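Step one of this worksheet: look at the structure below.
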There are 2 protein chains.
Amino acid sequence: MPGVRYDAAMSRSRSATTHTQDTYERLRADLLACRLRPGARLTISDLCGQLGANLSAVREALSRLTSEGLVVAEPQRGFRVAPISADELRDLTAVRADIEGMCLERAIAAGDVGWESQLVAAFHRLSRTPEREPADPQRMNEAWSAAHSAFHEALVSACGSPWLLRLRAILYAQSERYRRLSVPLAEVARDLNREHQAIMEAALARDAGQARALMARHVELTTRVLLEQSWPVEEKRASGRRASRPAKEAVASAA
Amino acid sequence: MPGVRYDAAMSRSRSATTHTQDTYERLRADLLACRLRPGARLTISDLCGQLGANLSAVREALSRLTSEGLVVAEPQRGFRVAPISADELRDLTAVRADIEGMCLERAIAAGDVGWESQLVAAFHRLSRTPEREPADPQRMNEAWSAAHSAFHEALVSACGSPWLLRLRAILYAQSERYRRLSVPLAEVARDLNREHQAIMEAALARDAGQARALMARHVELTTRVLLEQSWPVEEKRASGRRASRPAKEAVASAA
DNA sequence: CTTGTTAGAATAATAGATTTTTTGTTGACT
DNA sequence: AGTCAACAAAAAATCTATTATTCTAACAAG
């Protein structure tokens, strides 16, 4: 009787992932997209409702996010979304420019034709994806965000050092939150495609110095845009709401 | 009646920290000291018994350690101590040499006399602490380990970049596991005090180039010692035990 | 003797209930 | 009026029970 094999296949496909893992990924996406606002209190029971998960799952997911620096835990007072600040942004940008540069240099030294091809493909996809939601130009297009991440990953994928790539990934995720906040601000002004293309061409030409310089400028430009806006992203504490919403500080995607 | 204030003070002192936090710290210490061996299966219920904690606390602690790369989670199969390998050690060492160098360079540029004093103090303590347990020279002295960590932290504390220091801390912790494994191997052969002193003196002399070079050599030496030992740290799988112990792969401190 | 199957035991994942701690509010007192 | 303590409501932390999955090993068939 082949019934058993069938059952096994079903159960395996049913739980390729675990409930906690799911919750973690959704929370992480909400954090990176700033749908959960920096500094906001994260009430476990609310999150359970919004994500359809239970206490344990949410708590575990938040614990993981704590070590990633996207959430902060305060001993008997629960979790908050990690705050942001101009100082941190400056620091983060400087460090990220260095680390991305190191990765890029190694990738340029070690990359083969497979790396080149994937890079070209990632650039093509990115350049053909609109940066903002066609319906609402204030909002970033999720597909663009994914393509942008994939392009930067392709650039450094031949780096050869798992640890360097891991550090890079941490910094990229942190920067993503700030990038999201800058989107509603800088309307146009900037030709991102040209910047990306220049970095790619320097990389393909194996000009490590030029590639690093362009990458550093690319990373720093987003930061400058955000810092020049008189820093409008501070957490507003206890400001009287206009009664249009309940007293939720944070609004997740899964409501 | 002042009874209330008294109660409040008591309850506050009773729970300066949370149970989960405790569990996390103890597990982390066990991991860094390799009392939990790389690759070993981490059975939640066993850990509960050894640490006197409950499921949730252990699970949360393990989740945090997962993002730190000290533990790996396998979807429906629980947690394992993160494995080690010669390849990873080589990578880790190279990256850590770079990052420590960057931190050191910045600290040398920015450090004031307070930094110098703390560095001298940390070196003094380290140099007066025996590296190995006097009773059992195969085992590393915990106090030395703490002093070593404090010395390296003092070296870079004036770095001025929280993110760079954070990356450094991740890499330092990872290296600590390998360092522990190398202790029973390299009997003497090496004058660590002299190495540390040389780095300190270069730093105090504000010779960034020299300090970086010495730091890199320092980091790489431990690695070389370990790699030259024909890599004796692989996880032994399912080798028949001599029946002296139960089938526990991992033995924690709190048994 | 090897390979594959299956029942049972062990363990991980999930869910929910209970206990502490914090927080916000009311009311007494200066 | 303003300050401080007691109380009540909310939320976090802890603990326990239940369900689902994996692992072990015994057993049957080739």
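If you're wondering where the values come from, they're calculated on a predicted model, not measured in any experiment. All chains are named by letter (A, B, ...) in the order of the sequence lines, taking the proteins before the strands, and each is independently numbered beginning at 1.
- The distance between atom CD of E60(B) and atom C1' of dC15(D), rounded to the nearest whole Å, is 12 Å.
- Here the P atom of nucleotide dT11(C) and the CG atom of L42(B) are 13 Å apart, to the nearest Å.
- Looking at Q174(B), its side chain does come within 3.5 Å of a backbone N or O of G69(B) through a donor-acceptor pair.
- Rounded to an integer number of Å, the gap from Q76(A) CD to dT23(C) C1' is 14 Å.
- Contact check, T18(A) against dA12(C): no side-chain N or O comes under 4.0 Å of OP1 or OP2.
- Listed pair T43(A) / dA10(D) fails the phosphate criterion, with no side-chain N or O lying under 4.0 Å from OP1 or OP2.
- The pair R64(B)-E68(B) does not count as a salt bridge, with every side-chain nitrogen at least 4.0 angstrom from each carboxylate oxygen.
- Between L55(B) atom CG and dT19(D) atom C1' the separation is 14 Å, expressed in whole Å.
- Rounding to whole angstrom units, CD1 of residue I44(B) and C1' of dC23(D) are separated by 16 Å.
- A close approach under 4.0 Å does not occur between any side-chain nitrogen or oxygen of H19(A) and OP1 or OP2 of dA20(D).
- Taking only side-chain nitrogens and oxygens, R77(B) comes nearer than 4.0 Å to OP1 or OP2 of dC23(D).
- Ring-plane geometry between W144(B) and H148(B) is classed as parallel, the angle between the planes falling under 30 degrees on a 0 to 90 degree scale with a further cut at 60.
- Comparing dT14(D), dG16(C), dA12(C) by their closest approach to the side chain of S56(A) singles out dG16(C).
- Distance CG (D46(A)) to P (dA10(D)): 12 Å, rounded to an integer number of Å.
- Between the CG atom of N54(B) and the P atom of dT20(C) there is a distance of 13 Å, rounded to whole Å.
- Going from atom CG of L62(A) over to atom P of dA12(D) covers 10 Å, rounded to whole Å.
- Taking the charged nitrogens against the carboxylate oxygens, R179(A) and E176(A) do have a contact shorter than 4.0 Å, which makes a salt bridge.
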